[in-house]
Amino acid sequence: MERIRDFSGFLPSPLSQIWTWLASKMVSLKNGEFVGSLDCGTTSVRFIIFDKHANIVAEHQLEFPQYYPNPGWHEHDAVEIQEHSDKCIEEAVVALEAAGWKKESIKVIGITNQRETTVAWSRSTGKPLCKAIVWDDSRTKNTVKHFENKLEKEGIEAQKGLWKKGQDGIDWLRNITGLPLSTYFSAIKLRWMIDHYPEVSEAHDADDLLFGTVESWLAYNLLGGLHITEPTNASRTLLLNAQTLEWSSPMLEFFSFRPSILPRILSTSEVYGTITYGALKGVPIGGLVGDQQAALIGNKCLTRGEAKCTYGTGAFLLFNTGPEWVKSGHGLVSTVAYKAGKTGKTIYALEGSISVAGSAIKWLRDSMKMISSAGEINTLAASVQSTAGLYFVTAFSGLLAPYWDPGAAGLLIGLSSYTTPAHIARATLEANAFQTRGIVKCMVKDVKDAREAHGSSHPEEGDELKSLKVDGGMTNGDEAMSILASLGGFSVVRPEMRESTALGSALCAGSAVGLFGWDLEKPETLGEVNTKGSKVFEASMTDNEREKMWEGWERAVERSRGWEEGVDA
C-alpha cells in the first residue's frame with residue numbers, strides 16, 4: 001500500500017488527491033464473511049448481500065423491460081435480463097465497499113429465478129434466438145389442446161412398446177412429472193417456439209439449440225458457457241421424471257425434442273463453478289433454485305407440514321411433504337422442493353399456483369385508476385366492513401390451481417348501485433384469500449389420501465396446516481393479511497425481514513460451502529438466521545361466516561369458467 005501512495009506523487013495534484021483518498025479507503029476496508037443472492041424475478045433483478053443473521057449489508061435492484069406484443073403474450077429479452085443482473089452485481093459491490101467492506105468478503109453467491117420462463121439460444125453463438133416466453137404467457141392454448149388430443153388418441157410410449165393413452169396417459173404423465181398439460185410449463189412454450197420461429201426450428205434441426213429456464217441462462221453466462229440446471233426448475237418443464245430426477249425420454253419423444261438441447265441436472269446446493277468476469281470474478285456460485293422453492297427455504301420451512309405462500313405478481317403456496325413424493329388428486333402440482341447437495345435427500349412439496357395476485361392490485365392502480373399506489377388498496381378496503389355481496393374472480397389469464405382452466409375469464413359479479421371502489425378493493429383482497437383457501441383445502445386432502453394409501457387412517461404430525469408463512473410485496477398490507485387469515489381459517493405469520501426468496505438462494509449457496517455452519521439437511525444450523533421476529537394474524541370470523549362466503553366464491557368461479565371458446569384442436 002505504501003507503493004500505491006508513493007505513486008501518487010507522479011500524478012497532477014487533483015488526481016493525486018483522488019488517488020490518495022482511494023488508497024486510504026482501500027486501507028480502511030474490512031474483511032468479512034457474506035453471501036450474495038442474485039434474485040431474478042418477473043419484473044426486476046436484485047443482488048442482495050447477507051450476513052450470517054440474514055441482515056442485508058448491501059443491495060441493488062433494477063427493473064427490466066416487459067414486452068406484450070399481442071393479447072395474452074408476455075415476453076422478456078434474455079440479453080436484457082443478463083445485462084441488468086450484471087449491473088445489479090456491480091452496483092451492490094460498490095455499495096458494499098461504500099459500507100466499509102472488501103468485495104472479497106463475498107464468499108459465495110446463489111441464484112434464484114422466475115420459473116417456467118423459457119429461453120432458447122444458440123449453442124454456437126451463445127445468443128438468444130428469440131425473446132423469452134414468460135411463465136404467465138397464455139399464447140400456447142392451442143399447443144396445449146393439441147397435446148391433450150395427442151395424449152387422448154395416440155397416447156405416450158411409457159416404455160418400449162407400452163403405450164398409455166386417454167385417462168391412463170393423463171395419469172402416467174402426472175405420476176412422472178407431477179404436472180398437468182398447461183400453458184404454464186416450459187416444454188409447451190418451447191414447442192411453440194420451435195413451431196413458430198424459423199430460427200429456433202432450424203437450430204433444433206441443426207443440433208444448435210440450447211434450452212433453459214432463467215437460472216440456466218444466467219449460469220451459462222456467468223460461468224463461461226456451462227449448460228446446467230437443478231431439480232426445482234427442471235421439475236417445472238414437463239420433461240423431468242421428478243422421482244428419479246432425470247430427464248424423461250418418453251416426454252422428450254412426446255414433444256419431439258432432441259435430448260441434446262437440455263442442460264445437465266445438478267443439485268440445488270453445490271459449487272457449480274466460479275464467475276468468469278466482473279467484480280465477483282473467481283467467486284463460486286453454490287446455489288441455483290426456483291424462486292418459490294427459494295422462498296420455502298428462506299422461510300425455513302424445511303420440515304414436513306410447514307408451508308409458505310409468496311404473494312407477488314402471482315401467488316405460490318408450497319407445502320413441504322418431506323422426502324415423500326405425494327401425487328395430487330385434487331388439482332395441485334407435485335414438485336421438487338430442493339435437493340441439498342449431490343448426496344442429499346430430495347425433498348418434495350405440493351404446490352398451488354395463483355396466476356393473479358399483486359397484478360390485480362396493479363390493474364386497479366394503472367388501468368382502472370382506483371388507487372394511486374399499491375399500498376392504498378388496504379386503506380380503501382378497510383373503509384368498508386364487507387364487499388356487500390361482490391366477488392372478483394381475477395382470472396385475467398385463466399385459472400391455475402386447483403381449477404386449471406385456461407378458458408376462464410376475469411369476473412366481477414354481485415355489482416349493484418351500492419357498489420363503490422372500496423367494495424371492489426376489498427373483493428380484490430378477498431379473491432387472493434379465497435384462492436389461497438382453495439389450495440390449502442386441496443393440500444390437506446392430498447396429504448390425507450397419501451397417508452391412507454400407506455394404510456394409515458390416523459392423522460400424523462404435518463398433516464394439517466396450522467399456520468402459513470408469507471412473503472412478497474402484497475403482504476405489506478395488514479388488511480390484506482387479516483382478510484387472508486379470516487377467510488383462510490389459519491394463522492398467517494409475516495416475518496419482519498421478508499426477502500425470503502433471495503435469502504433462500506443465499507442459504508443454498510452458503511450450505512454448499514459450509515459457510516457459517518449452514519446445512520440445509522440440519523435445520524438447527526439455521527437457528528440464528530432471520531430471527532428478528534414476525535407478526536401473526538389470526539382469523540376473526542366464525543366457521544359459518546367463512547363457509548357461507550366460500551360458497552359464494554365457488555359460485556362465482558363456476559360462472560367464470562370456460563368463458564373463452566374457440567381453442568383449436
Side-chain angles (χ1 to χ4, degrees), residues 38-46 62-88 111-141 143-144 182-204 208-223 225-230 232-239 255 257 261-263 288-292 312-314 353 355 359 397 501:
L38 181 61
D39 179 358
C40 183
T42 305
T43 59
S44 69
V45 178
R46 295 177 297 171
L62 291 171
E63 292 190 359
F64 56 85
Q66 309 292 308
Y67 299 95
Y68 304 96
N70 293 295
W73 292 34
H74 187 185
E75 297 179 341
H76 289 158
D77 185 321
V79 172
E80 290 176 342
I81 289 176
Q82 186 63 51
E83 290 173 347
H84 283 69
S85 298
D86 291 344
K87 182 69 172 175
C88 283
I111 299 174
T112 182
N113 61 291
Q114 48 163 317
R115 304 171 306 168
E116 296 93 23
T117 295
T118 303
V119 187
W121 68 98
S122 166
R123 186 191 310 274
S124 57
T125 69
K127 295 180 179 179
L129 296 163
C130 61
K131 281 195 169 65
I133 299 181
V134 182
W135 61 270
D136 61 350
D137 183 289
S138 59
R139 78 183 72 177
T140 55
K141 292 175 184 177
T143 307
V144 171
S182 166
T183 60
Y184 189 20
F185 303 112
S186 305
I188 296 289
K189 302 176 193 297
L190 179 61
R191 188 65 253 173
W192 191 95
M193 288 177 171
I194 294 173
D195 292 340
H196 291 82
Y197 292 134
E199 307 94 312
V200 182
S201 177
E202 290 165 8
H204 185 255
D208 188 45
L209 176 64
L210 295 180
F211 149 75
T213 41
V214 170
E215 92 298 340
S216 186
W217 166 249
L218 293 171
Y220 178 85
N221 286 277
L222 289 168
L223 296 174
L226 288 180
H227 190 208
I228 60 174
T229 187
E230 53 72 52
T232 70
N233 280 288
S235 70
R236 316 298 297 185
T237 63
L238 272 170
L239 300 174
F255 288 112
F257 293 151
I261 70 174
L262 299 171
L288 298 175
V289 58
D291 55 5
Q292 302 313 317
T313 303
S353 303
S355 59
S359 55
S397 55
T501 301

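Heavy atoms only: backbone and side chains are in, while hydrogens, waters and symmetry mates are out.
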Is there side-chain contact between [X] and [Y], with heavy atoms separated by less than 4.5 Å?
{"X": "Phe64", "Y": "Gln82", "result": "no"}
{"X": "Leu262", "Y": "Thr237", "result": "no"}
{"X": "Arg115", "Y": "Thr213", "result": "no"}
{"X": "Ile81", "Y": "Gln114", "result": "yes"}
{"X": "Ile133", "Y": "Arg139", "result": "yes"}
{"X": "Cys130", "Y": "Glu199", "result": "no"}

Closer than 3.5 angstrom, by distance alone: can the side chain of [X] be matched with the main-chain N or O of [Y] as a donor-acceptor pair?
{"X": "His227", "Y": "Ser216", "value": "no"}
{"X": "Lys189", "Y": "Thr117", "value": "no"}
{"X": "Trp217", "Y": "Ala78", "value": "yes"}
{"X": "Thr112", "Y": "Val289", "value": "yes"}

Can you tell me how far the [atom1] atom of [X] sits from the [atom2] atom of [Y], to the nearest 0.5 Å?
{"X": "Leu239", "Y": "Phe211", "atom1": "CG", "atom2": "CZ", "result": "6.0 Å"}
{"X": "Cys40", "Y": "Leu218", "atom1": "SG", "atom2": "CG", "result": "5.5 Å"}
{"X": "Asn221", "Y": "Ser85", "atom1": "CG", "atom2": "OG", "result": "9.0 Å"}
{"X": "Thr143", "Y": "Phe255", "atom1": "OG1", "atom2": "CZ", "result": "9.5 Å"}
{"X": "Asp137", "Y": "Glu116", "atom1": "CG", "atom2": "CD", "result": "12.5 Å"}
{"X": "Asn113", "Y": "Leu288", "atom1": "CG", "atom2": "CG", "result": "8.0 Å"}

Handout entry: Under 3.5 Å side-chain donor-acceptor pair for Ser355 and Asp136
Key = no
Handout entry: Residues Ser122 and Thr125: side-chain donor-acceptor under 3.5 angstrom
Key = yes
Problem - Name of the residue among Tyr67, Trp192, Tyr68 meeting ring-ring contact (aromatic ring centres under 6.0 Å, His included) with Trp73 - result: Trp192
Minimum heavy-atom distance [X]-[Y], with the two atoms named:
{"X": "Thr229", "Y": "Asn233", "result": "OG1-CB, 3.9 Å"}
{"X": "His74", "Y": "Gln66", "result": "NE2-OE1, 2.6 Å"}
{"X": "Val200", "Y": "Leu129", "result": "CG2-CB, 4.0 Å"}
{"X": "Val144", "Y": "Ser182", "result": "CG2-C, 3.5 Å"}
{"X": "His76", "Y": "Pro65", "result": "CD2-O, 3.9 Å"}
{"X": "Leu209", "Y": "Ala120", "result": "CD1-CB, 3.8 Å"}

